[in-house]
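All remarks here apply to the structure that follows.
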Protein chains: 2
Amino acid sequence: MPETPAPTADRAPRADARRNRERLLAVARVVVAEQGTDASLRDIARRAEVGLGTLYRHFPTREALLESLLRDRFDTLAARAETLASDAPPYEALTTWLREFVEGARAYRGLAASMMATVNDETSPLSASCHTMRAAVGRLLERAQAAGRVRADIDRTDLFALANALSWITDQAPSLEERRDHLFALVLDGLAPR
Amino acid sequence: MPETPAPTADRAPRADARRNRERLLAVARVVVAEQGTDASLRDIARRAEVGLGTLYRHFPTREALLESLLRDRFDTLAARAETLASDAPPYEALTTWLREFVEGARAYRGLAASMMATVNDETSPLSASCHTMRAAVGRLLERAQAAGRVRADIDRTDLFALANALSWITDQAPSLEERRDHLFALVLDGLAPR
DNA sequence: ACCTGAACACCGTTCAAGT
DNA sequence: ACCTGAACACCGTTCAAGT
């Protein structure tokens, strides 16, 4: 019985496909860091020395590419929320997580906008990928609310929107970066119970 | 002495030029309402039944076009700030103005981003046009601060950024529109003195 | 003085042809 | 099974040629 390739669904990908995928992701990481989340897909394929169709084969949509780029980050942030939930007091756990979230969002310009888009389009791969992260921070929020440190009239989506809005500010006007922590603190004050 | 055209600087524009400019503005208002501030300039020229070069002649840049579209709004908002300064108590004047600002920003998707861009690029026509408006709201802020109703550690640029960030949220995720007033109130709470 | 549209250099997306 | 790049339909911007 010769090793028939057998096109089973979960077959190991061909070597060249695997290599191309990795090249694309590595290049995409650089180009998105340079140009933001609306970077030129053509440019990414070019710099990865790969046909444009190859990029589309591996990542049928821009969101799919971003998802692969950001999955690590989402997983890390979700895990971080769990750690904080058991290691820190409710309010401090929440604010620490939010601070790290906003800090990390600075990595890619346009990221905040891409994240907010997932609120509307639940079907996007990006939406699915950050869902567990949002659920995790939701639990942090509820804990802080139960402890009476955060007003009860906001939900995780409100919090997500506020965090992204803060990220967006420095996205658009880098000169306001030095004020970001300050505005962040101001919004936190707004979260206090009435 | 025949009526020599005399190319004086401030000559009345030719009739066709005047007409084209008005057509472009009228169409731009519609198209930007449909597509947002990054609307297709080609589409605007096409629907105005005007050559593409004509659009560029009248509005050398996208920002110049937006500026003409928004000048009224800026002037109105600046005047409104003056009215409120004399008619309403300091804090109420400020919050009323901010509410109207955010409410009005909903007119064009992408407007918040265009506004924030003026913080970095002081040379843009949009920046010049909204400068007096920003100065006016700056005075409202200072009054509210002097009355002890708003924390002293924020300036007009911070406030401008926060207002645009709130506008941006519903820009990106229209489904959050019903939460906007709520998030607005939350940020206002954050403005209270410590 | 002003208008026009072709020309140029870019996009995103698809898909027939290759290996 | 996967890769490739031409093809298509769009952009923004410029500018020679017209009236």
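Protein chains get the first letters and strands the later ones, always in sequence-line order, with residue 1 at the start of each.
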Under 4.0 Å between any heavy atoms, over every strand shown, what does [X] touch: base, sugar-phosphate, or nothing? Just pick one.
| X | result |
| --- | --- |
| Ser40(A) | sugar-phosphate |
| Arg46(A) | sugar-phosphate |
| Leu52(B) | base |

Notebook entry, point to check: According to a strict under-4.0 Å criterion, is Arg62(A) in side-chain N/O contact with OP1 or OP2 of dG12(C)?
Noted result: yes
Checklist line | Side-chain N,O (His58(B)) to OP1/OP2 (dC3(C)) below 4.0 Å | finding: yes
Check: With a 4.5 Å limit on heavy-atom distance, are the side chains of Glu122(A) and Thr118(A) in contact?
Finding: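 Heavy-atom side-chain distance check fails, nothing below 4.5 Å.
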Check: Any side-chain heavy atom of Leu188(B) sitting closer than 4.5 Å to one from Tyr91(B)?
Finding: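 In contact.
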Notebook entry, point to check: What is the base-pairing partner of dA9(D), counting Watson-Crick and G-U wobble geometry with both distances under 3.5 Å?
Noted result: none
Check: Where is the tightest heavy-atom contact between Arg29(A) and Leu69(A), given as atom of each residue plus distance?
Finding: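 So the minimum-distance heavy-atom pair works out to NH1-O, 3.3 Å.
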Checklist line | Whichever of Ala39(A) and Gly53(A) has its nearest DNA chain C nucleotide further upstream toward 5' | finding: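 Taking each residue's closest nucleotide, the earlier one in sequence belongs to Ala39(A).
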Checklist line | First encountered from the 5' end of DNA chain C, between Asp38(A) and Pro13(B) | finding: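 Result of the comparison: Pro13(B).
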Margin query: Angle between ring planes, Trp168(A) versus Trp168(B), binned at 30° and 60°: parallel, tilted or perpendicular?
Written below: parallel
